[in-house]
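Heads up, the thing below is written out as structure tokens.
All residue numbers refer to positions in the sequence shown, counting from 1.
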Amino acid sequence: MTSAPSPSSLDPEIAARLKRSADGLVPAIAQQYDTGEVLMLGWMDDEALHRTLTTGRCTYWSRSRREYWVKGDTSGHFQYVRSVALDCDADTVLVKVDQIGAACHTGARTCFDADVLLKAGPKEDLEEGLKQGLLKEGADSSTAASDQ
């Protein structure tokens, strides 16, 4: 695949930090700002990130259509940007949004509802960690309180 268009108005300091894939893109995770719900994964090049930062609406690069798209322009399911952060390696963008309507192209609230591969609750996670010696007995406040 050829790379996405390269001319961009993205701040050069931000552009210099980004670690892009071979086709010039970075994965962008959209997360509901107030609940932490992971909504979807899209792709951004420098220009899509610039547009996202300056318009307050998520802009992505469509790898299949080879064009920019603003979430909600055709579906009415808007993503209003609340914050944007780079991960520690600067190779992934986290966009915290206020999602209006479905985030997934299937019409689901999130792209991650349909195919859950593993589901364990916090109690099961703690118990398993204790069994494997990964956590110390006092790591959980409720466990620590009962030991005193």
Return yes if some donor-acceptor pair links the side-chain N/O of [X] with the main-chain N/O of [Y] below 3.5 Å, else return no.
| X | Y | result |
| --- | --- | --- |
| His50 | Ser9 | yes |
| Lys96 | Val84 | no |
| Thr110 | Val38 | yes |
| Ser62 | Tyr68 | no |
| Asp89 | Asp91 | no |

Are [X] and [Y] joined in one hydrophobic group, where the rule is that I, L, V, M, F, W and Y side chains link up if heavy atoms are under 4.5 Å apart?
| X | Y | answer |
| --- | --- | --- |
| Met44 | Val81 | yes |
| Tyr80 | Met40 | no |
| Val97 | Phe112 | no |
| Trp61 | Val93 | no |

What is the distance from atom [atom1] of [X] to atom [atom2] of [Y], rounded to the nearest 0.5 Å?
| X | Y | atom1 | atom2 | answer |
| --- | --- | --- | --- | --- |
| Ile100 | Lys71 | CD1 | NZ | 12.0 Å |
| Gln31 | Leu41 | CD | CG | 12.5 Å |
| Ile29 | Leu39 | CD1 | CG | 11.0 Å |
| Arg66 | Asp23 | CZ | CG | 9.0 Å |
| Asp45 | Ser21 | CG | OG | 10.0 Å |
| Glu37 | Thr35 | CD | OG1 | 5.0 Å |

**Short N-O contact, Glu47 and Arg51, less than 4.0 angstrom** = yes
Check your understanding: Is Arg82 salt-bridged to Asp34, cutoff N-O under 4.0 Å?
Key -> no
- Message: Using the rule given for side chain to side chain donor-acceptor pair (under 3.5 Å), can you reason through Gln79 versus Gln99, listing the C-alpha separation, both sets of side-chain angles and the distance that settles it, and then say yes or no?
- Response: CA-CA 5 Å; Gln79 290 179 341; Gln99 176 71 47; 2.9 Å; yes
Only one of Leu94, Leu18, Thr92, Val26 passes side-chain contact (heavy atoms from CB on, under 4.5 Å) with Leu86, and that residue is Leu18
_Pair Thr52, Val70 - check side-chain contact (heavy atoms from CB on, under 4.5 Å), show working._
CA-CA 9 Å; Thr52 298; Val70 179; over 6 Å; no
Check for me whether Arg57 meets the cation-pi criterion with Phe78, that is, NZ or CZ under 6.0 Å from the six-membered ring centre and within 45 degrees of the ring axis. no
Could you report the tightest heavy-atom contact between [X] and [Y], atom names first, then the distance?
| X | Y | result |
| --- | --- | --- |
| Asp98 | Gln32 | OD1-NE2, 3.5 Å |
| Ala108 | Ala102 | O-CB, 3.2 Å |
| Ala48 | Thr59 | CB-O, 3.5 Å |

Ring centres of Trp43 and Tyr60 under 6.0 Å apart? no
